[in-house]
Structure formats: C-alpha cells, structure tokens
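Notes follow once the structure below has been shown.
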Protein chains: 2
Amino acid sequence: MDTRVTDPDGDAPAAKGRVPAAKREALAAKGEAFTEDCAPRRVLELFSAKWTSHVLHAMQALYGGTCRPGALQRALPGLSKKMLTQTLRELERDGLVAREVHHVVPPRVDYSLTPLGRTMIEPIEMLYAWARDHEAELSALGLRAPSRRRKA
Amino acid sequence: MDTRVTDPDGDAPAAKGRVPAAKREALAAKGEAFTEDCAPRRVLELFSAKWTSHVLHAMQALYGGTCRPGALQRALPGLSKKMLTQTLRELERDGLVAREVHHVVPPRVDYSLTPLGRTMIEPIEMLYAWARDHEAELSALGLRAPSRRRKA
DNA sequence: CAGTATCCAGGCGGATACTG
DNA sequence: CAGTATCCGCCTGGATACTG
C-alpha cells in the first residue's frame, strides 16, 4: 500500500543547504535517509551515548589535552569511576584519545587527545557555546523534567 | 577556539586556549567545573539523550523546517512512534519546535523549527559534517561494538 | 591511584492495542 | 493519520569490593 502522506508540500520554504525536493522524496520514500549504519547515526551514537563530550571537553578545556583519570573524575561531578573508564575505553577504541601508562609504584596513567580527537573538539565546543548562548532561553521554559531524571 | 570552561563566577581567563593552571586547579579541586546544573550539562543531556539531533536535522535538511510526524518517522528508520512523540514533546517543551494542529477529519499536525530551534541546527550540522569527514578514520578502527547494541 | 568484576535497580525504549 | 497507554525485556549505570 502506498502509505505516502498527502504531502501538501506547499509549505516547503526553500532553505539553504537542504536536500532538493525530488531527492528528499526519494530518500524518505526509500527510507535511506538515515539508515542505521550511516556515519551521522554512528557518530551521534558515540556522541549522544554518555560522557564522551564532557570528557573530551574537560581534557581540552581544563587540561590542555592531557590529564590523568583522577583529574577528569574530579572535574566532572557525577561521573563514576566505572563510567569514566568505560568512556575512556571507547574513546581509545575510536582513536580519539591515547592512553599512556607509566609503570611506577603508584600507578600513573595519562590520557591525551589524539589528532583525530582534537578535531572533534570543535563540534563539541560549538555545542557548549550554543548551550551558554541560549541558556536563558531554555531556562525560561521550565527546562528538563521528564527526560533523563536520576534519583540523586 | 576558546575552550574556556563554564565560567561559574565572574572569572575572566584572558587565556586563549584554556583556563589558567591555577584557576583550573581550583575548579577541579572544588568540583565546580561541570556541576549538574550548568548549561552545557543540561544541553548535552538534551542532545545526548535520544533522537533529538536526528529529528532536528531531518526537519531542516529534509523538509526545510516544517513537516508532519509521519514524514519524520519514515525518514528515520528505527525511530518508533513512541520515541518520535516523546522527542517532539521534549523539543516542544524546550521551545525548539512548534506544534500546529489542523482539526480536520484525518488529523493533521505540523511541526516546525522555532527561531531558537533553527539556531541549534548549526551545531548539529557541525556534528554531521564531522561524522562524514572522519567516517573513514573511525571505521578503520573497527568502530562501535560494546556500546549501545540492540538486538535487531 | 588505576582498573576490573559483580550485583542490581531504574529507565529506556520496543511492541501492541486503543482513542479521536 | 496523530497520539496515548500498558506491558515488559534489556541495557545503562551506580555501589561495592577487590587486584596491582
């Protein structure tokens, strides 16, 4: 059955960088616009997932690109050791941060942003900048309530 | 890029790239760097949470800022009706999208990006751009596995 | 200090059914 | 078509304890 909606389309205000009508129709119809395995989906997953952004941001903004796990945890209240490790592992897997172990008596480990990781800082900073710039507008609306609320 | 930290009080780090050593130490020590209720945390929460980015992106890129829920769902394979509604509700609450109901026989609703919502498109596009630009570098590493895997 | 392993509650989110 | 409500599996993520 043709589930295609009436699609008035009369509204479609020609935007700048959007997909041409014909093209997007094809995309939407075929459902190929944002398949599970497209780059954006995967990256947004990485991004959206957990503490990735915060960890990367803290590493760069607070410590200039290199720091020890303890420092990160102290800088990010609420981030448990478990999540910190997990996040760092993921970032390491993806080549965004590098892990350097110093075999000394009190174990010491340094994590640093890789070149690739550094490139990701820009988008992240955009988000932080946006957050700061529109904080008032968001707060004015009552702000987050139903979403990911956690007990404590 | 000024990766200055959240700036709790009125500190004015003339630093170009980062917080002065002394200051950041204080921040980290006091744990005031990224408190639960700072703007970035809240926004990243909104961002990171679910399908927000994808919905906003699809609305803008595919439909120029306005579209019907059905269209979004078709454009985003994997997005259930439940999540779609929930996401739209949140975005509406935060004033990023506007909901317009047309009381006709087959119910028709249009969602559009608000001015505020439109401003959020930029950061989102940055992410998408980054994703595309570094897709190869990420894939080369084996890419996501342990994270949010889902059965199907 | 850095990291792992285990236990376990809570929520996230899918499937389904139903209303307007 | 748009939206809500319910049921429920599963994964996320905190707490705790233990190793090096």
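Note that the coordinates shown come from a computational prediction; the quantities given were computed from them, not determined experimentally. Within every chain, numbering begins at 1; the chains are lettered A, B, ... in the order of the sequence lines, protein sequences first and strands thereafter.
- Here NZ of K81(A) is found 6.5 Å from CD of Q73(A). Values are rounded to the nearest 0.5 Å.
- Nearest nucleotide to the K82(B) side chain, out of dG13(D), dA2(C), dG14(C): dG14(C).
- Considering NE2 of H54(B) and OH of Y128(B), their distance stands at 4.5 Å, rounded to 0.5 Å.
- Taking atom NE2 on H102(B) and atom P on dG3(D), their separation rounds to 11 Å, with Å as the unit.
- The pair E92(B)-R89(B) meets the salt-bridge criterion, since a charged nitrogen lies less than 4.0 angstrom from a carboxylate oxygen.
- Remark: Y111(B) is in phosphate contact with dG3(D), judged by side-chain N or O atoms under 4.0 Å from OP1 or OP2.
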| task | Go through L88(A) and L72(A) one step at a time and tell me if the side-chain contact (heavy atoms from CB on, under 4.5 Å) criterion holds. | result | CA-CA 10 Å; L88(A) 287 171; L72(A) 284 174; 4.2 Å; yes
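- Between atom CE of residue M59(A) and atom CG of residue L91(A) there is a gap of 8.0 Å, rounded to the nearest 0.5 Å.
- Of the candidates L113(B), T66(B), L116(B), V55(B), L113(B) is the only one forming a side chain to side chain contact (heavy atoms under 4.5 Å, CB included) with V97(B).
- Here the CH2 atom belonging to W130(B) is positioned 11.0 Å from the CD atom belonging to E135(B), to the nearest 0.5 angstrom.
- In this model, the phosphate group of dA2(C) is not approached by any side-chain N or O of R99(A) to a distance below 4.0 Å at OP1 or OP2.
- Taking side-chain N and O atoms only, R68(B) has a distance below 4.0 Å to OP1 or OP2 of dA2(D).
- Atom C1' of nucleotide dG3(D) and atom NE2 of H103(B) are separated by 12 Å, given to the nearest angstrom.
- Looking at the side chain of M83(A), the nearest of the listed nucleotides dG3(D), dG14(D), dG3(C) is dG14(D).
- Following rounding to the nearest Å, L84(B) (CG) and dC1(D) (P) show an atom-to-atom distance of 13 Å.
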| Stepwise side-chain contact (heavy atoms from CB on, under 4.5 Å) test for H57(B) and I121(B) | CA-CA 7 Å; H57(B) 172 74; I121(B) 289 295; 5.8 Å; no
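- The backbone N or O of G95(A) lies less than 3.5 Å from a partner atom in the side chain of T114(A), making a donor-acceptor pair.
- dG13(C) atom P lies 14 Å from atom CG of L76(B), rounded to whole Å.
- If you take CG of L88(B) and C1' of dG3(D), they are 11 Å apart, rounded to a whole angstrom.
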| note | Under the rule of Watson-Crick or G-U wobble with both distances under 3.5 Å, where | means paired to another strand and [ ] a crossing pair, DNA chain D maps to ||||||||||||||||||||
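- Picking from dG14(D), dA2(D), dA15(C) the nucleotide with the shortest atom distance to the side chain of S80(A) gives dG14(D).
- Straight-line distance from the CH2 atom of W51(A) to the P atom of dG13(D): 9 Å, rounded to whole Å.
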All N/O pairs under 3.5 Å across the protein-nucleotides 18-20 of chain C interface:
none

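- Distance CD (Q73(B)) to P (dG13(C)): 15 Å, rounded to an integer number of Å.
- Remark: P of dA2(C) and CD of Q86(A) are 18 Å apart, rounded to the nearest angstrom.
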